Structures are given as C-alpha cells and as structure tokens.
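We're numbering straight along the sequence, starting at 1. Computed from heavy atoms alone, side chains included, the values below leave out hydrogens, waters and symmetry copies. Everything numeric in this text was worked out from a predicted model, so none of it was measured.
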Amino acid sequence: MTDRLTLAATLTGPDRPGITAALMGAIAGLGTEVLDLEQVLVRGQVTIAVLLGSLPEDLDTLEDRLAGTCARLGYRLSIDEGVGDNPPRARRVVVSLLGRPLRATHLAEAGRVIAEHGGTIDRIRRLSRTPMTTLEFIVSGTDVDRLRPALAATAAETGFDVSVSPAGLSRQGRRLVVMDVDSTLIQDEVIELLAAHAGREAEVAAVTGAAMRGELDFAASLHHRVAALAGLPESILADVRAAVRLTPGARTLVATLRDLGFAVGVVSGGFLEVVAPLAAELGITHVHANSLEVADGVLTGRVAGPVVDRAAKAETLRRFAAAEGLPLSRTVAIGDGANDLDMLAAAGLGIAFNAKPAVRASADTALSLPHLDAVLYLLGFSREEVEDAAAARAASVG
C-alpha cells in the first residue's frame with residue numbers, strides 16, 4: 001500500500017441529500033477502492049474528503065467524472081495525486097476543550113501547546129454547543145503525562161477548561177463514577193444548612209472553607225463543626241434534606257450514566273442522613289458518608305464512627321471499584337475540596353469540579369463551569385447523544 005498511487009479529493013459546498021450517492025455513483029464503474037472517507041457539516045456547508053486507491057489507468061476519466069459531478073452540484077473540488085494511505089499515528093491522546101464561550105484565543109493557545117509537545121491534531125469534532133461549547137481533538141505524537149500539565153496551566157491562565165485522556169479502548173466500555181456530594185453533586189454544604197438552624201452558620205462556614213482549602217485537618221474541623229449542632233432536634237434533618245439543591249446537570253449526569261450501564265457512587269464528608277435519601281432518589285447504588293450521633297431524638301454534637309476523611313474517600317473508591325469488578329483505571333472521581341485529593345489521585349480520571357485552587361492544580365482535569373453533566377463530554381459523549389438518551393428515557397416512562 002505504501003507505494004501505490006492514490007488520489008485524495010476534497011469537495012465543499014451546501015449540504016443537501018444525496019451528495020455522497022452522487023459522488024460515489026459518478027466513479028462507481030471505474031473499479032476504484034475507497035480507502036478513507038470523512039464528512040464534516042458546519043452551518044449548512046459540508047466538506048467531504050475521500051481517499052481513493054486501485055485507480056484506473058486512465059486517471060483523467062476519474063478526475064473528469066469527479067469534476068463534472070461537483071460542477072453540476074455547485075461544489076468546489078480539489079484533487080491531490082500522491083502515494084499511499086495516511087501514515088500510522090502513534091501515541092494518540094484525546095484533548096477536550098470546554099468554554100462558555102470558547103474563543104479563538106483559547107484554541108490558538110491549545111494548538112500552540114500541542115505543537116510544542118510534538119502533537120499533531122488529526123481530527124476535531126464538536127460534542128456540545130449549549131450550555132457550553134465542547135470540542136474534542138484526537139492528537140497523535142505526544143503523551144498524556146507530558147501534555148496534560150502544560151495544557152492545564154495554559155487553560156487556567158487563558159480561561160477555558162481542558163481534559164487530556166488516553167485514546168483507544170481505555171475510553172470505551174463500562175466505568176465507575178464516584179462523586180463528592182457537598183458543592184459537587186449538590187450546590188450546598190449540608191453542615192452549614194444544619195448550622196443555620198443552630199444560629200451558628202457563619203462560624204461553621206468559616207471552618208468549612210478552611211478545611212476545603214486544606215488549611216485545617218478535615219477530621220478535627222468536622223468534629224468542631226458538628227459540636228455546634230448539639231441540641232438540634234433530629235427532625236431538622238428532614239428539613240435540610242428538603243432544602244438541598246442539586247447542582248445543574250446532576251440529574252442528567254446520573255441518569256445518563258445509568259442508561260449506559262455505568263456504576264455510580266457518592267462518598268461524602270457530609271452526613272448519611274441527608275446523603276442516603278438523595279442517592280436513593282437518583283438511583284445511586286454506592287453510598288458512604290459520616291453518620292450523626294442521635295440520642296433521645298436530639299443531635300449530640302458528635303459523629304458516630306470514623307470520620308470520612310480524604311484517605312477514607314480514596315479507600316471507598318477502591319472498595320466500590322472492587323465491588324463492581326472494575327480496575328481503578330476504569331474509575332472517574334469528581335470533587336471540589338482538599339478532602340477529595342486522594343480520591344482524585346487514585347481514580348483513572350480525577351475531575352476537579354469548581355474546585356479550590358489547590359485541588360484544581362492537582363487534578364487530572366478541572367471544570368469551572370457550573371454544569372455537572374459536562375463530565376459526559378469528557379467521557380466522549382455528545383450533547384445530541386445525551387438528549388437522545390433523555391428522550392428515550394422519557395418515552396419509556398410515558
């Protein structure tokens with residue numbers, strides 16, 4: 001194949017039905033072999049690129065038929081005679097760029113970094129246009145470990161989100177997705193909602209912020225905050241559960257993952273009394289969180305059992321993965337605070353979601369847009385596929 005004459009033809013013009021049929025029909029009787037064929041549609045303009053082999057001896061006839069078809073359809077045509085097929089592409093990675101909006105500046109900077117690290121962009125496709133634009137690049141000639149930190153630094157400086165993942169089979173098949181709860185799956189910090197009932201919200205919020213930034217030991221800070229809840233009636237937990245607000249896109253993310261057959265779990269430094277009913281509502285099967293001690297219908301201000309700290313979160317991820325029969329390479333962890341760092345590091349893909357600076361800097365991927373279902377784009381699914389799944393789900397219920 002490497003020394004055979006081949007012909008690359010590129011056609012561009014207005015999209016309409018039957019273009020591919022007309023193109024292939026024009027050359028169908030010449031015995032040519034289609035080696036490659038790709039088509040891209042952008043705002044009503046279609047570009048078709050075809051690579052042909054087994055060319056006839058009378059090459060002018062082939063080119064005349066292509067030119068005649070394009071002239072009849074009003075398409076522009078370029079033809080390039082050459083030798084062989086596309087060369088093999090080694091060391092392929094997937095780069096996802098997200099922005100609202102995604103600007104030319106962002107793509108210029110991403111392209112510069114990719115080129116500086118020896119990468120070549122082989123293919124680009126759009127995964128979403130609302131509520132954010134997501135473009136997926138297939139890049140060859142570079143490695144995840146080299147490209148990821150460089151692109152992450154550029155993204156943080158320039159103002160877009162980026163993910164770099166291995167290409168190939170590692171992106172296919174079933175996965176386990178484990179999420180933090182407070183400020184990730186939900187918009188709230190449950191302990192602050194509880195503290196508001198005790199009149200100590202500001203005090204507890206200050207300690208929570210310091211703990212999430214990694215300035216305080218999480219376990220010690222939790223005991224301090226829970227002590228502020230002493231004396232609250234147990235019935236307050238139901239009120240707080242009713243007040244919890246899901247993060248935009250959370251319901252779509254979980255439902256789509258379940259449609260795909262993925263396993264979903266939550267692990268929280270918050271409280272099982274709120275987390276478990278929420279997980280049950282969403283159909284999340286794996287749940288682990290702290291428990292509040294209750295005596296005579298009143299919160300004692302103590303945690304029952306060991307605290308779910310950063311080490312416990314990572315261990316929980318491993319336990320959930322083992323229960324599902326999945327290696328850690330097939331796990332995704334999502335979190336926002338210092339308490340999530342070990343879990344994000346242990347997972348095959350760690351995603352910092354609207355995270356504190358130290359967490360964003362340490363994670364594989366950072367999302368700064370407030371839509372949790374953007375995680376689906378990082379896994380390679382398009383907005384159209386997500387919406388189709390939602391429509392099928394609604395139809396099955398109806």
Side-chain angles (χ1 to χ4, degrees), residues 1-2 6-13 15 19-20 23-24 33-53 75-80 82 84-99 102-129 132-148 150-152 154-155 160-173 349 364-365 374-386 388:
M1 180 66 226
T2 56
T6 56
L7 185 146
T10 304
L11 301 76
T12 304
D15 185 35
I19 296 297
T20 303
L23 173 65
M24 293 299 148
E33 179 185 1
V34 177
L35 301 174
D36 198 358
L37 177 64
E38 293 200 22
Q39 178 173 313
V40 177
L41 178 64
V42 178
R43 208 183 66 178
Q45 291 291 306
V46 67
T47 298
I48 300 173
V50 59
L51 182 66
L52 302 172
Y75 270 52
R76 297 182 296 278
L77 171 68
S78 66
I79 292 177
D80 177 51
D85 200 340
N86 300 322
R89 298 294 196 180
R91 297 186 300 161
R92 296 167 61 243
V93 302
V94 178
V95 176
S96 303
L97 303 182
L98 305 90
L102 190 62
R103 301 188 183 279
T105 302
H106 302 152
L107 270 68
E109 286 299 299
R112 176 186 61 79
V113 173
I114 290 169
E116 287 178 352
H117 287 76
T120 300
I121 300 171
D122 298 332
R123 186 174 302 166
I124 304 174
R125 65 168 179 152
R126 184 177 71 179
L127 295 182
S128 73
R129 61 183 177 86
M132 70 206 69
T133 300
T134 306
L135 298 179
E136 181 184 82
F137 293 8
I138 306 299
V139 176
S140 60
T142 189
D143 300 312
V144 170
D145 292 342
R146 295 177 59 225
L147 187 58
R148 180 183 280 160
L151 272 177
T154 298
F160 63 95
D161 289 338
V162 66
S163 172
V164 183
S165 303
L169 290 178
S170 62
R171 284 173 61 82
Q172 310 300 319
L349 176 63
D364 297 331
T365 297
V375 169
L376 294 166
Y377 311 143
L378 303 184
L379 301 180
F381 303 107
S382 71
R383 184 71 185 178
E384 289 79 6
E385 290 168 332
V386 173
D388 288 347

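By the 4.0 Å N-to-carboxylate-O rule, E38 lies close enough to R123 to be salt-bridged with it.
Considering all non-hydrogen atoms of both residues, P166 and V94 come closest at O-CG2, 4.3 Å. Annotation for M132 and A374: closest pair SD-CB, 3.7 Å, computed over non-hydrogen atoms. Nearest heavy-atom pair, V93 versus V144, reported as atom, atom and distance to 0.1 Å: CG1-CG2, 3.5 Å. For the residue pair L127 and E384, the shortest heavy atom distance occurs at O-OE1, 3.9 Å. Contact record, I79 with L77: CD1-CD2, 3.8 Å, taken as the closest heavy-atom pair. Between L378 and S96, the closest heavy-atom pair is CD2-CB, 4.0 Å.
Side chain of H117 to main chain of V113: a donor-acceptor pair is present (N/O by atom type, distance under 3.5 Å, no hydrogens or angles). At distances below 3.5 Å, not a single donor-acceptor pair connects side-chain atoms of R148 with backbone N or O atoms of S165. Panel note: side chain R383, backbone S128; no donor-acceptor pair is recorded below 3.5 Å. No donor-acceptor pair closer than 3.5 Å links the side chain of E109 to the backbone N or O of H106.
Annotation: the span from F381 atom CZ to T134 atom OG1 amounts to 14.0 Å, rounded to 0.5 Å. Taken to the nearest 0.5 Å, the CG atom of D143 stands 13.5 Å off from the CZ atom of R92. Expressed to the nearest 0.5 Å, how far CG of L151 lies from CG of D161 amounts to 12.0 Å. Of the inter-residue distances, the one linking R91 atom CZ with T142 atom OG1 reads 6.0 Å to the nearest 0.5 angstrom. Here the CG-OG distance, from L11 to S78, works out to 8.0 Å after rounding to the nearest 0.5 Å. For the atom pair CZ (F137) and CD1 (I114), the distance works out to 6.0 Å, reported to the nearest 0.5 Å.
Contact check for T12 versus Y75: no side-chain heavy atoms found under the 4.5 Å cut-off. Under the 4.5 Å side-chain criterion, counting only non-hydrogen atoms from C-beta, T154 is in contact with R112. In this structure, L107 and L97 have side chains that are in contact, with non-hydrogen atoms separated by less than 4.5 Å. Within the 4.5 Å cutoff, side-chain heavy atoms of L52 are placed close to those of V34. No side-chain heavy atom of F160 sits less than 4.5 Å from a side-chain heavy atom of L98. Counting heavy atoms from C-beta outward, V50 and M24 have side chains that approach closer than 4.5 Å. The side-chain heavy atoms of V46 and Q39, taken from C-beta on, include a pair separated by under 4.5 Å. Within the 4.5 Å cutoff, the side chain of I48 has heavy atoms near those of the I19 side chain.
A search for side chain to side chain contact (heavy atoms under 4.5 Å, CB included) contacts involving D388 returns nothing, not counting sequence neighbours. Considering only residues two or more places apart in sequence or on other chains, R103 meets the salt bridge (charged side-chain N to carboxylate O under 4.0 Å, His left out) condition with none of them.
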Practice item. Step by step, work out the side chain to side chain contact (heavy atoms under 4.5 Å, CB included) result for L51 and L7. Key: CA-CA 6 Å; L51 182 66; L7 185 146; over 6 Å; no
Practice item. Evaluate the side chain to side chain contact (heavy atoms under 4.5 Å, CB included) criterion for residues V139 and T120: first the C-alpha distance (whole Å), next the side-chain angles of each, then the deciding distance (0.1 Å), finally the verdict. Key: CA-CA 5 Å; V139 176; T120 300; 5.8 Å; no
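Within a 6.0 Å radius of CZ in R129, no more than 12 heavy atoms belonging to other residues, nucleotides or ligands are found.
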